[in-house]
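A quick write-up on the structure given underneath.
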Number of protein chains: 2
Amino acid sequence: MRADARDNRARIMTAADDVFGRSPGASTDDVAKLAGVGIATVFRHFATKTELLEAVLTLRLERIRDRALELAGSDDPGTAFFEFFTQVVSESASKLAIAEALTAAGAAAGEEAREAGRGMREAFSGLLAAAQKTGAVRADAEMPEVYALLIGASRGATAAKLDPETRDRMLALIYDGLKPPR
Amino acid sequence: MRADARDNRARIMTAADDVFGRSPGASTDDVAKLAGVGIATVFRHFATKTELLEAVLTLRLERIRDRALELAGSDDPGTAFFEFFTQVVSESASKLAIAEALTAAGAAAGEEAREAGRGMREAFSGLLAAAQKTGAVRADAEMPEVYALLIGASRGATAAKLDPETRDRMLALIYDGLKPPR
DNA sequence: GTATAAACGGAGTGATGACTTCGAATATAT
DNA sequence: ATATATTCGAAGTCATCACTCCGTTTATAC
């Protein structure tokens with residue numbers, strides 16, 4: 001691959017991340033304009049709009065997974081778990097917009113993005129298990145409902161455009177429910 | 001207004017509620033077909049697609065508010081509060097699809113729908129206050145974050161397509177956080 | 001420096017969907 | 001029963017957007 005091509009590919013992904021993160025309904029033209037390339041260049045690198053969206057979403061998911069893996073090394077698993085939870089919720093807005101764009105623009109996520117999602121959930125599951133082992137999180141909470149809480153808090157914060165204080169108060173309520181009964 | 005016109009208007013609203021509740025991206029044609037009328041009839045009753053969506057959303061919100069007002073008469077405010085919360089979350093899927101369609105199809109909700117939303121929140125706020133007075137819900141939880149939880153749980157349940165058991169387990173966690181600290 | 005293969009941009013193309021037009025149909029008042 | 005005002009539906013119009021074509025430009029191998 002020629003150097004300029006690789007360069008453009010990277011610029012397109014960055015632009016797409018930005019544009020779709022802001023408004024899921026954005027057109028491919030918008031992405032091309034922000035990236036400073038022609039629209040044909042976008043389609044040369046990503047055969048369909050869906051493919052582009054998937055690439056962007058996959059990257060996001062991998063970044064989150066990496067963050068979880070990083071925190072998994074912590075010697076305070078309780079704090080690590082809650083910190084990760086909080087971080088994912090705070091950064092959810094743009095991520096969700098992209099996922100939404102994907103579902104809107106035809107069918108569910110493809111294999112690549114699904115695999116990335118699996119990896120992310122696995123890493124999160126590890127954080128949860130560790131936090132439960134130290135007693136920071138109640139032992140009878142299982143992954144499906146805890147994950148549902150993570151998704152719910154993220155979507156809720158995004159949808160309601162919560163200011164940070166309200167968001168933190170909401171998270172505090174959730175965390176109280178996640179802690180072991182006293 | 002002629003009888004057949006009023007009839008058609010009602011059929012169109014029912015059809016729209018159904019169609020948009022299922023898939024936010026649906027076209028006006030789809031609504032017309034399900035309603036069994038021509039597309040022009042739809043546009044005669046609702047000048048724009050947005051207007052139609054608003055009418056449907058408003059109706060939904062009013063129904064929810066009525067449910068809350070009904071429960072406000074209960075002599076067990078704690079149960080009433082949690083029952084309402086659970087019910088809203090269970091029925092969220094289609095409601096959210098409509099709200100989503102509205103934001104997708106241009107701009108935020110209009111005055112009518114906003115007013116309906118206000119009424120709904122007010123009724124919910126009443127349920128919360130009553131439940132707090134009897135000690136069923138912790139007193140230091142305030143409306144904004146509790147409402148955020150309601151939205152979040154709804155969106156989370158919808159987005160993750162939770163099966164009923166997982167949804168109930170998630171709600172149980174949330175309710176534990178909402179109950180007074182023991 | 002030049003040849004050439006690869007990448008580029010912008011002007012199409014076709015499909016979709018919101019909205020309009022207008023002649024046909026139908027409810028109600030007389 | 002008939003007049004007429006109102007409502008109806010099907011076939012348009014127009015804009016938007018994903019995607020393609022092709023002549024031009026540019027990076028790199030020699």
Side-chain angles (χ1 to χ4, degrees), chain A residues 1-57 97-98 100-110, chain B residues 1-57 97-98 100-110:
Chain A
M1 176 146 36
R2 243 165 65 174
D4 56 345
R6 177 173 13 257
D7 226 57
N8 273 337
R9 190 188 162 89
R11 266 221 302 287
I12 290 167
M13 289 227 7
T14 308
D17 190 86
D18 191 11
V19 168
F20 292 129
R22 250 197 278 285
S23 61
S27 72
T28 315
D29 266 331
D30 294 338
V31 174
K33 281 213 188 71
L34 181 63
V37 302
I39 191 175
T41 303
V42 175
F43 280 100
R44 199 166 307 106
H45 285 287
F46 303 92
T48 66
K49 188 186 189 183
T50 302
E51 206 172 285
L52 171 59
L53 282 166
E54 276 209 19
V56 173
L57 180 60
I98 292 169
E100 204 169 292
L102 224 180
T103 43
Chain B
M1 172 146 37
R2 242 166 63 177
D4 55 345
R6 175 171 18 253
D7 225 58
N8 274 336
R9 191 187 161 88
R11 265 222 303 287
I12 290 168
M13 289 225 10
T14 308
D17 189 87
D18 191 11
V19 168
F20 292 130
R22 250 197 278 286
S23 61
S27 73
T28 315
D29 267 332
D30 294 339
V31 174
K33 281 211 190 76
L34 182 62
V37 303
I39 192 177
T41 303
V42 175
F43 279 101
R44 199 167 310 105
H45 285 287
F46 304 92
T48 66
K49 186 185 189 182
T50 303
E51 208 173 285
L52 171 59
L53 282 166
E54 276 209 19
V56 173
L57 181 60
I98 292 168
E100 203 168 293
L102 225 180
T103 42

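A note on names: the letters A, B, ... follow the listed sequences, proteins ahead of strands, and every chain is numbered from 1.
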How long is the line joining [atom1] of [X] and [atom2] of [N], in whole Å?
{"X": "A/Asp29", "N": "C/dG9", "atom1": "CG", "atom2": "P", "result": "13 Å"}
{"X": "B/Lys49", "N": "D/dC14", "atom1": "NZ", "atom2": "C1'", "result": "17 Å"}
{"X": "B/Asp7", "N": "D/dT6", "atom1": "CG", "atom2": "P", "result": "19 Å"}
{"X": "A/Phe46", "N": "D/dA18", "atom1": "CZ", "atom2": "P", "result": "15 Å"}
{"X": "B/Asp30", "N": "C/dC19", "atom1": "CG", "atom2": "P", "result": "15 Å"}
{"X": "A/Ile39", "N": "D/dC17", "atom1": "CD1", "atom2": "P", "result": "10 Å"}
{"X": "A/Leu53", "N": "D/dC19", "atom1": "CG", "atom2": "P", "result": "10 Å"}
{"X": "B/Phe43", "N": "D/dC14", "atom1": "CZ", "atom2": "C1'", "result": "13 Å"}

Which nucleotide in the list [options] gets nearest to the side chain of [X]?
{"X": "A/Thr41", "options": "C/dG9, C/dA18, D/dA10", "result": "C/dG9"}
{"X": "A/Thr28", "options": "D/dC8, C/dC19, D/dA18", "result": "D/dA18"}
{"X": "A/Asn8", "options": "C/dG17, C/dC8, D/dA18", "result": "C/dC8"}
{"X": "B/Ala5", "options": "C/dC8, D/dT7, D/dG9", "result": "D/dT7"}
{"X": "B/Ala3", "options": "C/dT28, C/dT20, D/dC19", "result": "C/dT28"}
{"X": "A/Val37", "options": "C/dG9, D/dT7, D/dC19", "result": "C/dG9"}
{"X": "B/Ala40", "options": "C/dA7, D/dA10, D/dA18", "result": "D/dA10"}

Kindly give the heavy-atom pair with the smallest separation between A/Gly21 and A/Ile98, and that separation in Å.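 That would be N-CG1, 3.9 Å.
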Can you tell me how far apart [atom1] ([X]) and [atom2] ([Y]) are? Round to the nearest 0.5 Å.
{"X": "B/Arg44", "Y": "B/Ile39", "atom1": "CZ", "atom2": "CD1", "answer": "11.5 Å"}
{"X": "B/Leu53", "Y": "B/Phe46", "atom1": "CG", "atom2": "CZ", "answer": "10.0 Å"}
{"X": "A/Leu34", "Y": "A/Asp29", "atom1": "CG", "atom2": "CG", "answer": "12.5 Å"}

Hey, does the side-chain of A/Arg2 have a donor or acceptor N/O within less than 3.5 Å of a partner on the base of C/dA6?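 Donor-acceptor pair under 3.5 Å: yes.
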Of B/Asp4 and B/Ala26, whose nearest nucleotide on DNA chain C comes first from the 5' end?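 In this pair, the answer is B/Ala26.
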Candidate pair B/Leu57 and B/Phe20, rule side-chain contact (heavy atoms from CB on, under 4.5 Å), full reasoning: CA-CA 10 Å; B/Leu57 181 60; B/Phe20 292 130; over 6 Å; no
Without swapping roles, check the side chain of B/Asp30 against the backbone of B/Ser27 for a donor-acceptor pair under 3.5 Å.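 It does hold such a pair.
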Please confirm whether the shortest side-chain N or O distance from A/His45 to OP1 or OP2 of C/dA7 is below 4.0 Å.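 Looking at the OP1 and OP2 atoms of C/dA7, neither is under 4.0 Å from any side-chain N or O of A/His45.
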Mind checking B/Ala32 for me? I need base, sugar-phosphate or nothing, with any heavy atom below 4.0 Å counting as a touch.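 Result for B/Ala32 = nothing.
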Identify whether any heavy atom of A/Gly36 sits under 4.0 Å from a base atom; if not, whether one sits that close to sugar-phosphate; answer base, sugar-phosphate or nothing.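 Sugar-phosphate, no base atom in range.
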Heavy-atom nearest nucleotide on DNA chain D for A/Gly25 versus B/Arg44: which residue maps closer to 5'?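 That would be B/Arg44.
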